[in-house]
Amino acid sequence: ATGHGHVYTNHWAVRITGGAEQADKVAAKYGYRNLGQIGSLEDHYHFYHSRVVRRATFSLKGPHSFIHMDPMVDWAQQQVAKPRVKR
Amino acid sequence: HAPRNQDLIHFNDPKWSNMWYIHCNNKSSRCRSEMNILPAWQRGYTGKDVVVTILDDGIERNHPDLAQNYDQLASYDVNGNDHDPTPRYDSRNENIHGTRCAGEVAAAANNSHCIVGVAYNAHIGGIRMLDGDVTDIVEAKSLGVQPDYIDIYSASWGPRDDGKTVDGPGPLTKQAFEQGIKKGRKGLGSIFVWASGNGGRQGDHCSCDGYTNSIYTISISSTTENGNKPWYLEVCSSIIATTYSSGEFKERKIMTTDLRQCCTEGHTGTSVSAPIVAGIIALTLEANLLLTWRDVQHLLVNTSRPLHLKADDWKTNAAGHRVSHLYGFGLVDAEAMVLEARKWRTVPPQHTCSQMPERHTRYISRSLNSSITTSGCSEDPEQHVDYLEHVVVKVLIVHPRRGDLEINLISPSGTRSQLLAKRLFDSSSEGFRNWEFMTIHFWGERAEGLWSLEITDSPSRPRRPEVLGKLKEWTLILHGTSQNPYQPYSTQHHHSSLLETPGPDEVLEEPELQDEEKEEYNGPCHSECGDQGCDGPDADHCLNCIHFSLSRSKNDRACVSHCPLGHYEDTVSRRCRRCHKGCEKCVGRSAGDCLSCRRGLYLNTLSSSCIDTCPPGYFADNYQKQCSKCHDTCRRCLRYADRCSACNEGYSLAGVTCVPECTNGTFFHLEEMMCKPCHSSCRTCTGPSEEKCIQCAEGYLQQEWRCVQTCSPGYYSEEAAGVPNNMCHRCEQNCLSCGGPGTTCTKCKDGYSLVSRTCIANASCNNADEMFCDMVKSNRLCEKKLYRQFCCRTCMMNG
């Protein structure tokens with residue numbers, strides 16, 4: 001994917017039904033670490049991949065990208081750093 | 001100018017005397033205490049037991065003005081993933097912002113240090129989330145911290161206010177907002193207060209900030225001491241109210257707590273205003289903890305007022321509210337908020353009605369008008385919007401220069417709201433892709449009638465004239481209630497004592513309202529009213545009814561000629577009574593009295609009840625909205641009686657049809673409706689030809705979809721799990737025959753040579769010198785499938 005000025009991080013938001021154990025399994029399968037549920041959003045988990053560049057202008061592809069095709073994964077999104085300004 | 005307060009309250013905090021926006025202390029200068037914070041305190045409201053948190057770069061929890069009210073349960077460090085929101089200290093003091101905002105809300109009073117917060121007895125926490133990469137996850141986590149414990153989330157940040165950014169919450173953050181208002185505060189809804197933008201100097205428009213522009217956030221702007229527009233202020237239609245802030249030369253400033261246990265007079269911008277309103281809402285919640293997130297917005301709409309705030313666009317909408325694109329409904333009034341809160345009755349449920357005009361692309365030359373006539377979804381009681389709250393317009397616009405666009409929306413009552421002004425710095429050609437513009441300017445107006453969207457395109461720079469912008473689609477989304485949210489006080493007084501919560505001081509006299517109760521009505525009654533007359537002109541003013549009485553809420557009854565869907569007509573009591581949950585039409589109130597069901601539910605004809613999943617042997621018939629029986633041979637079916645997904649005993653599934661099970665070596669012929677023999681090579685099959693085998697007959701091997709006696713060239717025979725006979729598998733690529741899987745070739749196709757039991761292309765490399773071949777060998781490239789054709793033959797032949 002091209003950058004469009006985005007900064008891609010090594011964090012992913014992933015929606016998996018079946019509970020935290022299932023999420024742990026999927027995370028381990030593709031080399032991620034499951035950092036737990038995202039706030040109070042059920043079935044949404046925060047995944048982290050230590051072997052992906054921490055900040056990149058491109059969404060780099062690799063074996064970790066296969067998570068998007070896993071049948072247990074409803075939705076996954078690599079996190080982009082959003083410029084936010086204090087007012 | 002407000003009358004000078006009798007300064008009954010005095011605090012020993014050093015900056016107290018400079019807090020001009022809360023009290024008057026200097027008779028030689030003007031009083032600017034119209035936010036009426038002091039009178040709210042004098043009534044006993046100081047934010048006790050209300051929990052506020054600041055979403056920012058952290059808060060200095062051991063600051064002497066914050067320590068007393070600091071609440072660890074309302075705090076979290078999302079950046080560091082721990083429970084300590086202390087800011088990161090550096091030489092440039094980058095992380096002062098959260099501490100400054102927190103002080104405005106809940107700095108302790110009378111502790112001889114710095115200032116007094118607006119809700120100086122409220123609990124204050126901090127969510128540290130701006131000191132790192134801010135992602136959708138970070139925002140969503142921050143908005144979802146302790147939703148049942150934290151009452152108010154105050155945020156004073158957003159996308160760049162540079163006049164060219166259009167950005168808002170991502171999918172997770174949107175969900176976090178929705179979850180917050182639905183489930184937060186044990187179902188009453190989290191209160192999100194947001195600072196509107198500071199991009200005034202860049203000609204920014206806060207409708208391009210999806211946070212301040214959201215219906216779930218309370219968007220707050222600022223005014224200067226003299227009621228002028230501060231240099232930084234952006235205009236937009238989603239601003240609901242305003243507070244004082246600094247922003248003009250020679251005018252007084254706002255004091256607050258600062259990093260390293262200090263005080264500052266340097267805090268400015270709309271970051272001043274959001275925490276002040278968060279503090280005022282804390283006072284309001286102390287007055288009535290049962291207020292919902294929408295009640296709080298209604299209170300702000302009803303109590304904020306223009307006063308001396310200068311704007312050239314103040315207008316009165318059809319519901320009588322004065323509103324401006326700079327200040328929303330005007331300056332907040334803390335005393336009015338707590339007084340109204342005490343006697344407030346929760347507004348009826350929020351309904352949403354969406355309507356989209358016929359979908360076709362319209363070109364925007366200089367201007368474009370598109371209209372929709374709506375009934376406010378009156379045909380659907382679940383969606384019906386009669387009295388408006390927020391109005392949202394979702395647009396899909398393609399445009400060569402986004403900043404040249406101006407968008408207005410005109411309500412059926414003729415009120416015009418500017419959804420977007422021109423933005424000189426915005427040269428983007430991205431257009432607006434399903435962007436939602438929100439306005440609060442129609443609050444209280446009626447929804448029904450003609451809505452007009454006006455788009456104006458005025459090129460600020462030379463553009464290719466042949467490239468026109470396009471409005472591809474737009475949707476009008478009306479939020480509001482089906483009934484008047486404000487019942488006459490007399491009705492509330494009699495029926496809603498549950499929500500009346502007297503404050504710590506004495507209950508006030510309400511002389512005006514008492515007078516209102518005594519007024520008599522002598523006008524005509526509604527045609528549905530019975531012989532006992534009425535006390536007003538509408539159907540809900542009748543004292544008895546000709547036909548049926550319909551209860552629309554606990555305290556609101558109206559006379560109707562027929563009962564609406566979801567009700568049945570009780571002819572004895574002449575009342576519309578509710579059907580059981582899920583019934584659309586019924587003959588009684590029990591679950592088994594349904595005649596038809598609401599959308600998404602199906603009538604179980606056996607029990608006359610409404611269910612969402614039909615029992616086995618029945619399918620959900622969307623046309624008849626009932627559970628209909630599957631075909632006799634089907635055990636389960638989908639959408640149609642003969643579209644089987646499982647069969648009864650003695651039948652097996654052929655596609656979506658259940659056919660009689662045939663013995664081995666035969667199959668069911670659908671046209672002849674009888675069992676017919678398979679091909680001689682098949683043990684079981686789905687048809688007569690040799691390609692229709694499922695399992696092979698004795699002495700046959702399965703190769704692809706056929707059964708063969710010996711494997712064809714290019715295949716080898718091997719046992720396979722779950723198959724009684726051997727199967728023929730394909731040899732490795734380019735092998736004509738092989739001994740098994742992998743590199744076991746014994747013969748190659750034409751054009752390939754056998755090298756190390758693998759078939760390699762005959763072509764030779766002209767650059768395969770010794771060094772190159774050494775590299776091929778040392779990296780063992782010829783053993784790797786991907787590189788096998790990589791000059792291997794040339795190198796092998798060269799030794």
Side-chain angles (χ1 to χ4, degrees), chain A residues 1-17 20 23 26-27 32-50 52-64 67-68 73-87, chain B residues 56-57 78 81 94-98 100-101 129-130 132-148 155-162 165 167-173 175-176 179-180 183-184 194-199 211-212 222 232 268-274 430:
Chain A
T2 52
H4 296 299
H6 292 322
V7 173
Y8 291 87
T9 69
N10 54 354
H11 294 259
W12 269 257
V14 185
R15 190 171 67 223
I16 295 170
T17 44
V26 173
Y32 293 85
R33 194 149 67 89
N34 179 8
L35 300 182
Q37 188 175 302
I38 299 171
S40 40
L41 303 181
E42 275 177 26
D43 299 333
H44 288 78
Y45 297 91
H46 180 181
F47 281 14
Y48 165 79
H49 204 300
S50 59
V52 171
V53 182
R54 195 172 68 83
R55 301 179 100 241
T57 50
F58 292 90
S59 173
L60 300 165
K61 300 296 176 210
H64 64 273
I67 194 168
H68 293 271
V73 174
D74 296 334
W75 172 83
Q77 190 180 58
Q78 187 172 8
Q79 292 295 289
V80 173
K82 301 177 131 200
R84 294 291 175 255
V85 181
K86 297 169 199 175
R87 291 171 170 160
Chain B
D56 214 292
D57 52 19
V78 176
N81 206 21
E94 276 181 23
N95 298 310
I96 53 176
H97 201 247
R100 289 181 167 193
C101 293
M129 45 79 69
L130 287 185
D133 281 338
V134 183
T135 61
D136 195 17
I137 288 182
V138 168
E139 293 180 356
K141 275 187 179 178
S142 306
L143 292 166
V145 172
Q146 298 276 27
D148 279 340
S156 297
W157 49 267
R160 288 190 184 114
D161 294 325
D162 55 8
T165 299
D167 190 11
L172 299 168
T173 309
Q175 281 188 63
Q179 190 123 330
K183 295 186 177 169
W194 221 274
S196 71
N198 280 349
Y211 300 84
T212 194
S222 305
Y232 49 80
T268 184
T270 52
S271 289
V272 163
S273 298
E430 284 185 21

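We name chains A, B, ... by the order of the sequence lines, and we start the count at 1 in each one. Note that the structure is a prediction, hence the values are computed from the model and not measured.
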Check: Which pair of non-hydrogen atoms, one from B/A140 and one from A/L41, has the smallest distance, and what is that distance?
Finding: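 For B/A140 and A/L41, the tightest heavy-atom pair comes out as CB-CD1, 4.3 Å.
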
Check: every donor-acceptor pair under 3.5 Å linking chain A and chain B:
{"unit_1": "A/S40", "atom_1": "O", "unit_2": "B/Q179", "atom_2": "NE2", "d": "2.5"}
{"unit_1": "A/H44", "atom_1": "NE2", "unit_2": "B/Q175", "atom_2": "NE2", "d": "3.4"}
{"unit_1": "A/H46", "atom_1": "ND1", "unit_2": "B/K141", "atom_2": "NZ", "d": "2.9"}
{"unit_1": "A/R55", "atom_1": "NE", "unit_2": "B/D133", "atom_2": "OD1", "d": "3.1"}
{"unit_1": "A/R55", "atom_1": "NE", "unit_2": "B/D133", "atom_2": "OD2", "d": "3.0"}
{"unit_1": "A/R55", "atom_1": "NH2", "unit_2": "B/D133", "atom_2": "OD1", "d": "2.8"}
{"unit_1": "A/Q79", "atom_1": "OE1", "unit_2": "B/D136", "atom_2": "N", "d": "3.1"}
{"unit_1": "A/Q79", "atom_1": "OE1", "unit_2": "B/I137", "atom_2": "N", "d": "2.8"}
{"unit_1": "A/K82", "atom_1": "N", "unit_2": "B/V134", "atom_2": "O", "d": "2.6"}
{"unit_1": "A/K82", "atom_1": "NZ", "unit_2": "B/G168", "atom_2": "O", "d": "3.0"}
{"unit_1": "A/R84", "atom_1": "NE", "unit_2": "B/E139", "atom_2": "OE2", "d": "2.7"}
{"unit_1": "A/R84", "atom_1": "NE", "unit_2": "B/Y211", "atom_2": "OH", "d": "3.4"}
{"unit_1": "A/R84", "atom_1": "NH1", "unit_2": "B/D167", "atom_2": "OD2", "d": "3.0"}
{"unit_1": "A/R84", "atom_1": "NH2", "unit_2": "B/D167", "atom_2": "OD2", "d": "3.4"}
{"unit_1": "A/R84", "atom_1": "NH2", "unit_2": "B/Y211", "atom_2": "OH", "d": "2.8"}
{"unit_1": "A/V85", "atom_1": "N", "unit_2": "B/G158", "atom_2": "O", "d": "2.7"}
{"unit_1": "A/V85", "atom_1": "O", "unit_2": "B/G158", "atom_2": "N", "d": "3.0"}
{"unit_1": "A/K86", "atom_1": "NZ", "unit_2": "B/D57", "atom_2": "OD2", "d": "2.8"}
{"unit_1": "A/K86", "atom_1": "NZ", "unit_2": "B/E94", "atom_2": "O", "d": "3.0"}
{"unit_1": "A/R87", "atom_1": "N", "unit_2": "B/S156", "atom_2": "O", "d": "2.9"}
{"unit_1": "A/R87", "atom_1": "O", "unit_2": "B/N198", "atom_2": "ND2", "d": "2.9"}
{"unit_1": "A/R87", "atom_1": "O", "unit_2": "B/S271", "atom_2": "N", "d": "3.3"}
{"unit_1": "A/R87", "atom_1": "O", "unit_2": "B/S271", "atom_2": "OG", "d": "2.4"}
{"unit_1": "A/R87", "atom_1": "NE", "unit_2": "B/D161", "atom_2": "OD2", "d": "3.0"}
{"unit_1": "A/R87", "atom_1": "NH1", "unit_2": "B/W157", "atom_2": "O", "d": "3.4"}
{"unit_1": "A/R87", "atom_1": "NH1", "unit_2": "B/A195", "atom_2": "O", "d": "2.8"}
{"unit_1": "A/R87", "atom_1": "NH1", "unit_2": "B/D209", "atom_2": "OD2", "d": "2.9"}
{"unit_1": "A/R87", "atom_1": "NH2", "unit_2": "B/D161", "atom_2": "OD1", "d": "2.9"}
{"unit_1": "A/R87", "atom_1": "NH2", "unit_2": "B/D209", "atom_2": "OD2", "d": "2.8"}

Next item on the list: Pick whichever of B/P147, B/P171, B/G98 has the most heavy-atom pairs under 4.5 Å with chain A.
Entry: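 Sorted descending by pairs with chain A, the first entry is B/P171.
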
Next item on the list: Measure distances from B/V134 to the heavy atoms of chain A and classify the residue's part below 4.5 Å as side chain, backbone, both or neither.
Entry: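 Both parts, backbone and side chain.
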
Next item on the list: Hey, could you give me the CG/CD1 distance between B/L172 and A/I38, rounded to the nearest 0.5 Å?
Entry: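 The distance works out to 5.0 Å.
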
Check: Side chain, backbone, both or neither: which part of B/I137 has an atom under 4.5 Å from a heavy atom of chain A?
Finding: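 For B/I137, backbone and side chain are both near chain A.
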
